[in-house]
Amino acid sequence: MATSESVSEDDLRTMLAERSGLDRDSLWYPVHEVPRASGMSWPLTAEQAEEALSDLLDRLRRVLPAPRQERPGRRYVYLSEITDRYQRGDTRRLLERIQSRGATPASLAFGGEDYDPRSERGWGARPSTAFDHDGRPDWAWWREVREAGPRTLYKMPDPYLGEDEPPVDRALDLRDRTGDTAAYRAALSAAVREDPRQIDCWVHLGSDALDRADADDSALPEALGYYQTAVAVAELSLPPAFTGVLAWGELSNRPFHRALQGLGLTWWQLGETAKAAAVFGDSLWTNPDDNQGIRYLIGQAKAGVPWNQAQEN
């Protein structure tokens, strides 16, 4: 065991597993390489151990780069263009695992139709900015959508893999029958361990953490990690420089939109208003019909209005 004087390789691996949430055995190589990478030698002092842990966690949480294929004009902004670190220590590894097996790409929706913002389904040339029962909508994003013209409609891969009842439905049923929220979280966590592509399970874990935020100071960072992972997993299915539309009417798109909304709300509550606004912008760009009411949020987030004050408006 580690003492106040020294930290062995085995000790450091245990400490890193506790802080990263990763399996201890999976951390053999990065910890073994600490002396070569840092010029330290075993055993480490407590101060050296903290320095090594900080560096290891930083590398584990570093975001995967966005796909490179530049196009002129507005496009989807990837998570790695908004932040440089994942909140969770296992997100990067999960993404690499999915990539190595081959992510299922998004496909054309509704027979290859386009979304036309100037059609009857759009919000019109001059939508009202007056207060309504949901607040005051912001329409700056809509001008971008109208100027972009018709865009291809896509659908995400089926988020409910397999022929059995979706894991998220089984977890919700368990919670509703028993009222046991700990068992509900355990069921969702088991589902994403088995298959990290279960975006809706990540989203429901995030929603559960967000619901606990008022009473638990650790819940907001926890929610951030879940929502970031959900968004990052979904992004693996998007083509580079994505300019398409993911309509809410396509059911397979809804978990991704719920993930974007949750991520934006979480960052906003953490005081990261610019990041929240960027995520809300992605939500509205990919779903201009705005079935979630993001148009009431994005203006205040862009203006840097704190979450607690926004709630009062």
Side-chain angles (χ1 to χ4, degrees), residues 69-79 81-82 105-159 199-200 203 230-231 234-235 237-265 267-268 273-303 305 310 313:
Q69 186 176 327
E70 290 301 325
R71 295 181 183 175
R74 177 71 161 91
R75 62 169 175 79
Y76 178 86
V77 180
Y78 290 85
L79 182 61
E81 298 175 280
I82 300 172
S107 57
L108 297 179
F110 303 109
E113 292 182 11
D114 283 347
Y115 170 85
D116 186 351
R118 297 177 185 273
S119 68
E120 291 183 358
R121 70 181 294 175
W123 293 99
R126 294 185 179 182
S128 173
T129 59
F131 272 102
D132 58 30
H133 63 282
D134 288 315
R136 184 187 294 279
D138 179 272
W139 294 107
W141 62 273
W142 176 242
R143 288 192 288 273
E144 280 189 322
V145 171
R146 278 179 60 84
E147 289 170 3
R151 290 185 288 140
T152 305
L153 286 158
Y154 285 84
K155 61 180 177 181
M156 298 295 282
D158 184 355
I199 297 170
D200 230 3
V203 170
V231 169
E235 287 181 347
S237 295
L238 299 180
F242 182 61
T243 60
V245 172
L246 297 164
W248 182 264
E250 186 64 62
L251 296 182
S252 61
N253 292 336
R254 294 185 183 183
F256 183 33
H257 287 306
R258 287 193 283 266
L260 288 171
Q261 181 184 33
L263 179 57
L265 290 172
W267 256 328
W268 196 353
T273 54
K275 292 177 180 177
V279 174
F280 291 151
D282 274 341
S283 180
L284 292 165
W285 175 251
T286 55
N287 180 33
D289 289 344
D290 188 26
N291 308 81
Q292 299 164 287
I294 306 299
R295 62 190 180 278
Y296 296 101
L297 308 175
I298 189 170
Q300 295 184 78
K302 279 188 173 181
V305 177
N313 290 342

Measure the spacing between [atom1] of [X] and [atom2] of [Y] and express it to the nearest 0.5 Å.
| X | Y | atom1 | atom2 | answer |
| --- | --- | --- | --- | --- |
| Asn287 | Leu260 | CG | CG | 9.5 Å |
| Tyr76 | Thr243 | OH | OG1 | 13.5 Å |
| Ser283 | Ile298 | OG | CD1 | 8.5 Å |
| Leu153 | Leu246 | CG | CG | 8.5 Å |
| Phe256 | Asp200 | CZ | CG | 13.0 Å |

Answer yes if the ring centres of Trp139 and Trp123 are under 6.0 angstrom apart, and no otherwise. yes
**Message:** With a 6.0 Å cut-off on the ring centroids, do Phe242 and Tyr78 count as close?
**Reply:** no
Between Asp290 and Trp248, is there a side-chain heavy-atom distance shorter than 4.5 Å? no
If we only count heavy atoms from C-beta on, is the Leu263 to Phe280 side-chain gap below 4.5 Å? no
Test your reading of the model: is there a side-chain donor-acceptor pair from [X] to the backbone of [Y], 3.5 Å cut-off?
| X | Y | result |
| --- | --- | --- |
| Arg136 | Thr129 | yes |
| Trp268 | Ala274 | no |
| Asp132 | Asp134 | yes |
| His257 | Asn291 | no |
| Asp282 | Leu284 | no |
| Ser252 | Met156 | yes |

Closest contact, heavy atoms only, [X] versus [Y]:
| X | Y | result |
| --- | --- | --- |
| Ala148 | Trp285 | CB-CH2, 3.6 Å |
| Ala259 | Val203 | CB-CG2, 3.6 Å |
| Lys155 | Asn253 | CA-OD1, 3.3 Å |
| Val305 | Ala310 | CG1-N, 3.7 Å |
| Ser237 | Pro157 | OG-CG, 3.4 Å |
| Gly264 | Val279 | N-CG1, 3.8 Å |

- Message: Any carboxylate oxygen within less than 4.0 angstrom of a Lys/Arg side-chain nitrogen, looking at Arg118 and Glu147?
- Response: no
**Prompt:** Salt bridge between Asp138 and Arg295, side-chain N to carboxylate O under 4.0 Å?
**Reply:** no
Result for side chain to side chain donor-acceptor pair (under 3.5 Å) between Gln292 and one of Arg254, Gln261, Arg258 points to Gln261
Have Tyr154 and Glu250 got a donor and an acceptor in their side chains that come within less than 3.5 Å?
no
Checking Arg151, Arg74, Arg75 against Glu144 for salt bridge (Lys or Arg N to Asp or Glu O under 4.0 Å), the one that qualifies is Arg74
Could Arg126 and Trp142 be counted as a cation-pi pair, given that NZ or CZ must be under 6.0 Å from the ring centre and within 45° of the axis? no
